[in-house]
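Contents: one structure, followed by commentary.
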Amino acid sequence: METIIVKSNEQGQLNKADLVQAGSIIRNGGLVAFPTETVYGIGANAIDEAAIVKIYEAKGRPSDNPLIMHISDINCLKDYALNISVKAQKLINVFWPGPLTMVFSKTDKVPSRITGGLKTVAIRMPRHQIARSIIHEARVPIAAPSANISGKPSPTRGYHVIADLFGKVDMIIDGGKTELGLESTVLDVTREVPCILRPGSITHTMLEEVVGKVSYDSHIKDERHPPKSPGMKYKHYAPKGQLKIISSDIEANVIKYINIEGKKLMDMGYKVGAVVPKHAANDINIKYVESIGSINNHTEIGSNLFKILRKMDDMNIDYIFSFEFKGEDVSIAIMNRLNKAAGYNIVNV
Ligand code: TXA
Ligand code: MG
């Protein structure tokens, strides 16, 4: 398939003609990859079953893993979501447009292809200007999972999407770096106490400030519990190399472990990488050290995580050691993605 690539200008905008073309490709059943403030998405007309099937094919995604429906106009929410609760309405008022996806009971207008057969549908109104304009131009809601090949880290840069999807979609919009770099928070609002199915930049604390008690799917705190969100059960975000998280209350122990174990592997001829906070980069004596950001700037760490995991792949690193980035707020999301990428391969030192 021929893939059109268009790039946003320095202000992050796309010209009108490109937006109109993207919208028309989607409305007519094609696929367009586009940036949002979280990660890039691969979009199709959400009310066209044949178009949705193409998404699953392009990504190599299991068909029981449901997609998020993206809207740009709040007035069309009631066409797709039933029983919008007072709490959901409050969250919409505060966080939409933005990186919050909510799971509602679905109406009959939502094709079961998009929900993997579930009676619920996940809906998000992104705030990225290009995403909003494309949905507006398409004049239909857009089904869009992250624009990566299934199992790879989500794309946070235009070149990630081109690497994964060139030749598999009709159009790729390169909007540069995405702002947040972690996928949206997914919140089930079909129950009395809303439940976080996937942590993201809209944190538990932020949600509770608006609606009172919010729970976590038990899988997020303890991976031995099966997840309620179908997508969370698949091996995700996995780099090709073997990733290990080094955990300790004493930072010097982490540095020492990485230097000693890394050297052993390098002596055997392996390529070894490390993911470390900025201040520790100079203390690590192995070859491929990636600084992920300041230890206290979790937004920065979140926005660089997937880029670094992908870079390790591009360099064909065999073994990757990572610091732990623990804390509250967005670090819950960071550690959720990092733990999954590592397949819960964590060592305490
Ligand atoms: O930031 C994002 O959310 C990005 C951008 C493109 O919007 N999209 C994204 O989509 O990450 P995807 O398909 O990679 O992840 C969607 C997640 C999956 O874990 C899926 O299982 C869950 O949302 N999900 C979708 N519909 C659901 C439903 N009805 N019930 C429970 N979980 C659902
Ligand atoms: Mg995904």
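The shown structure was predicted, so the numbers you read here are calculated from the model rather than taken from an experiment. Whatever order the structure lists ligands and atoms in, that order sets their numbers, starting from 1. Index from 1, following the sequence. FYI, side chains are in, hydrogens and waters are out, and symmetry mates aren't considered; it's all heavy atoms of this structure.
With respect to Thr101, the side-chain contact (heavy atoms from CB on, under 4.5 Å) criterion is satisfied by exactly one of Ile68, Leu197, Thr185, Asp188: Ile68. Met102 pairs with exactly one of Thr190, Ile92, Leu77, Thr120 by the side-chain contact (heavy atoms from CB on, under 4.5 Å) rule, that one being Ile92.
Ligand 1 has a nitrogen or oxygen under 3.5 angstrom from a nitrogen or oxygen of Arg124. Looking at ligand 1, you'll find an N or O of Arg198 within less than 3.5 Å of one of its N or O atoms. Geometrically, ligand 1 and Glu183 share no nitrogen or oxygen pair separated by less than 3.5 Å.
Within the 3.5 Å criterion, the main-chain N or O of Gly167 finds a donor-acceptor partner in the side chain of Thr3.
No donor-acceptor contact under 3.5 angstrom links the side chains of Ser215 and Arg191, judged on distance only.
Closest to atom 10 (O) of ligand 1 by heavy atom, among Pro145, Ser105, Pro155, is Pro145.
The shortest separation from a heavy atom of His70 to ligand 1 is under 4.0 Å, placing the residue in contact.
Val32 and Met1 fall into different hydrophobic clusters, defined by Ile, Leu, Val, Met, Phe, Trp and Tyr side-chain heavy atoms under 4.5 Å apart, directly or through other members.
Residue contacts with ligand 1 for Met102 are absent, since no atom lies close enough (heavy atoms, distance under 4.0 Å). Counting heavy atoms closer than 4.0 Å to ligand 1, residue Asn65 contributes side-chain atoms (C-beta onward) but none from N, CA, C or O.
Residues Gly43 and Ala144 share a closest heavy-atom pair of CA-CB, 4.0 Å. Shortest non-hydrogen contact noted between Ala143 and Ala46 is N-CB, 3.5 Å.
Under the 30°/60° scheme for interplanar angles, the aromatic rings of His204 and Tyr216 are found to lie parallel.
The contact set between ligand 1 and Leu197, taken as ligand atoms under 4.0 Å from a residue heavy atom, comprises 31 (C), 32 (N). Of all atoms in ligand 1, listed by their number and element, those nearer than 4.0 Å to a heavy atom of Val39 are 4 (C). Counting atoms of ligand 1 from 1 in the listed order, those under 4.0 Å from a heavy atom of Ile68 are 3 (O), 8 (N), 9 (C), 10 (O), 16 (C). The ligand atoms of ligand 1 that sit less than 4.0 angstrom from a heavy atom of Leu118 are 28 (C), 29 (N), 30 (N). Proximity to Ser146 (heavy-atom distance under 4.0 Å) selects the following atoms of ligand 1: 8 (N), 9 (C), 10 (O), 12 (P), 14 (O). Under a 4.0 Å criterion applied to the non-hydrogen atoms of Thr120, ligand 1 contributes the atoms 28 (C), 29 (N), 30 (N). Below 4.0 Å from some heavy atom of Thr38 lie the following atoms of ligand 1, by number and element: 1 (O), 2 (C), 5 (C). Those atoms of ligand 1 with a heavy atom of Gly41 less than 4.0 angstrom away are 6 (C).
Distances from the Mg ion (ligand 2) show that Ser154 has no N/O/S atom below 2.8 Å.
Sparse packing is recorded around CZ of Arg113, with 12 or fewer heavy atoms of other residues, nucleotides or ligands lying under 6.0 Å away.
The CG atom of Asp108 lies 8.0 Å from the CG atom of Leu82; values are rounded to the nearest 0.5 Å.
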